Number of protein chains: 2
Amino acid sequence: MEVSLSSARPLRADARRNREALLAAAREAFLSGDTDSHVEEIARSAGVAVGTLYRHFETREALIEEVYRQEVDELCAAPAALLERYSPEEALRRFLLLLVEHAAVGKGMSVALESIMATASPVFEAARTQMADALTQLLDAGVTAGVVRDGVTGPTLLRALGGICGMRATEGWQDEARQITALLFDGLRYGTAG
Amino acid sequence: MEVSLSSARPLRADARRNREALLAAAREAFLSGDTDSHVEEIARSAGVAVGTLYRHFETREALIEEVYRQEVDELCAAPAALLERYSPEEALRRFLLLLVEHAAVGKGMSVALESIMATASPVFEAARTQMADALTQLLDAGVTAGVVRDGVTGPTLLRALGGICGMRATEGWQDEARQITALLFDGLRYGTAG
DNA sequence: TCCATAAGGTGAGTCCGACTCAGGTTGTGT
DNA sequence: ACACAACCTGAGTCGGACTCACCTTATGGA
């Protein structure tokens, strides 16, 4: 599903297997709300020793980042597809909601997101940029179509959505997230013909 | 400045001094971006031993919480004052901006906020409720005056503003925060006579 | 097929930082 | 001035992320 992009020679077969197992185990742990999943547990449930975990990932954080990066990759493919299928306004609306749904895969994930937010790692920086670009794409289409106010940038909107990450531990958080999204959506349209 | 509200007898003079010194040292450390300020450092710069720190605060987190709670207390006094001086619309606008300025006291503070967000401690719960109530007060005044849409609650708006917490580590974050605030403000007015 | 070899795996041990507690110190009421 | 409870101290414990010296095995060439 993924070809090597780096100049290094490909991983040995068993190494590749282990790396994948670790990512799967980490995702599993984070998604199931096991917030305090320790490296030892993740390694064990992946069927390897901690040393192997550290062969593949610089730190515990790096592993979390990688899990998150994969999520972001999937999400960032959406805007282009949505713009082909829907009007700019509708595409924007749907993407914002998609973001909410995606954040809903498990409260453990939002912990991971926060954990990453708290670091200034280059990996996360890339993910953030990617996401911001996706939003910019949608905003630009909206501005061109005259349904979105000018002057709001992708990175800004991304941050505005950041609050959704801190939302576990409440009962009706998903509805609330949708409300916030609607609020931002309307804020974006404020002052247009919409 | 503060009288004992609990049934326990007042602290001994030296204990009170130490407690205050610890809070001051902690605030200092957090505000100056010393993100990884260790309990040992905080205790030393307050002129006490770690044991003393733990006599006054259950855990490191509890100390952070207390610093934050004080900030929140100050902030929550604002809405009532603003509503006396300005129109509901203007009061809301000013309070949202005040929130941003307040978050600006130092990037270290946002780390503290996040740290608190990541726990479901009762202390933070109280602070959050307090803040949400302040926002509700402003929103209600706005709805009554017909300048704010109905159906948005204080807790919801609070979360929407949450994204601002994750904003250190960027150059022009303060301008961005202001933009987001404006966005939400307009979202709130969407569909009214405003 | 089989070997040489380097990539990969192992897990006991190190490091470090939050937290504890037995014992000394000091403010306070009488 | 005294008794004593409240307070303070800081070396030590504990837990979890991370390391590294040594072992295992995939791989590619003979």
Side-chain angles (χ1 to χ4, degrees), chain A residues 4 6-26 29-30 34-68 108 111-112 114-116 118-119 121 123-124, chain B residues 4 6-26 29-30 33-68 108 111-112 114-116 118-119 121 123:
Chain A
S4 170
S6 73
S7 54
R9 49 199 59 206
L11 286 175
R12 233 167 64 176
D14 59 342
R16 182 159 181 60
R17 243 192 331 271
N18 283 338
R19 187 180 155 73
E20 227 108 281
L22 281 165
L23 281 170
F30 298 148
D34 194 357
T35 312
D36 50 345
S37 47
H38 304 157
V39 288
E40 212 90 30
E41 292 175 36
I42 293 175
R44 185 150 34 78
S45 78
V48 302
V50 269
T52 301
L53 188 155
Y54 282 100
R55 170 169 289 275
H56 291 289
F57 304 96
E58 200 73 19
T59 64
R60 183 191 130 99
E61 284 258 290
L63 172 57
I64 297 176
E65 276 171 8
E66 185 58 21
V67 170
Y68 173 57
V111 177
E114 236 171 26
S115 169
I116 286 162
T119 73
S121 84
V123 173
F124 174 58
Chain B
S4 171
S6 74
S7 56
R9 46 201 62 207
L11 286 176
R12 232 168 62 176
D14 57 343
R16 181 158 182 62
R17 246 193 326 275
N18 284 338
R19 189 185 154 77
E20 226 109 280
L22 282 165
L23 280 170
F30 298 149
D34 195 357
T35 312
D36 49 345
S37 47
H38 303 159
V39 288
E40 211 91 31
E41 293 174 35
I42 293 175
R44 184 148 35 77
S45 77
V48 301
V50 270
T52 302
L53 188 153
Y54 282 100
R55 168 166 289 273
H56 291 288
F57 305 97
E58 199 75 17
T59 63
R60 183 191 130 99
E61 284 258 292
L63 173 56
I64 297 177
E65 276 171 10
E66 184 58 21
V67 170
Y68 174 57
V111 177
E114 237 171 28
S115 170
I116 287 161
T119 74
S121 84
V123 172

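No experiment lies behind these values; they were computed from the predicted model shown. Proteins get letters first, then strands, A, B, ... in listed order; numbering begins at 1 in each. Heavy-atom basis, side chains included; hydrogens, waters and symmetry copies ignored.
- Atom OG1 in A:T52 sits 9.5 Å away from atom CG in A:D14 (nearest 0.5 Å).
- Counting to the nearest Å, the C1' atom of D:dC7 and the CG atom of B:N18 are 9 Å from each other.
- From the 5' end on, the contacts that DNA chain C makes with chain B at under 4.0 Å to a non-hydrogen atom open and close at C:dG17 to C:dT28.
- Proximity of A:L23 to A:L63: side-chain heavy atoms (C-beta onward) are separated by under 4.5 Å at one or more points.
- Distance check: A:N18 CG to A:R12 CZ gives 10.0 Å after rounding to the nearest 0.5 Å.
- Taking atom CZ on A:R44 and atom P on D:dG16, their separation rounds to 12 Å, with Å as the unit.
- Distance A:L63 CG to D:dC18 P: 11 Å, rounded to the nearest Å.
- Atom-to-atom, NE2 of B:H56 to C1' of D:dT9 comes out at 13 Å; the value is rounded to the nearest Å.
- Looking at the side chain of A:V39, the nearest of the listed nucleotides D:dA17, D:dT9, D:dC18 is D:dA17.
- The environment of A:E41 atom CD is dense: over 12 non-hydrogen atoms of other residues, nucleotides or ligands sit within 6.0 angstrom.
- In this structure, the separation between CD on B:E65 and OG1 on B:T59 is 6.5 Å, given to the nearest 0.5 Å.
- Counting any heavy atom pair closer than 4.0 Å across all strands shown, A:V50 reaches a base atom.
- Put simply, CD on B:E58 and CD on B:E66 are 13.0 Å apart, with the number rounded to the nearest 0.5 Å.
- Summarising the geometry, the separation between NE2 on A:H38 and C1' on D:dC14 is reported as 13 Å, rounded to the nearest angstrom.
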Next item on the list: Determine, for nucleotides 20-30 of chain D in 5'-to-3' order, which nucleotides have protein heavy atoms under 4.0 Å from the base (write B), from only the sugar-phosphate (write S), or from neither (write -).
Entry: -----BSS---
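- Contact record, B:L11 with B:R19: CD1-CD, 3.9 Å, taken as the closest heavy-atom pair.
- Between the CZ atom of A:F57 and the C1' atom of D:dA17 there is a distance of 16 Å, rounded to whole Å.
- Note: B:L22 CG to B:R55 CZ = 12.5 Å, rounded to the nearest 0.5 Å.
- Here CD of B:E40 is found 7.5 Å from CZ of B:R44. Values are rounded to the nearest 0.5 Å.
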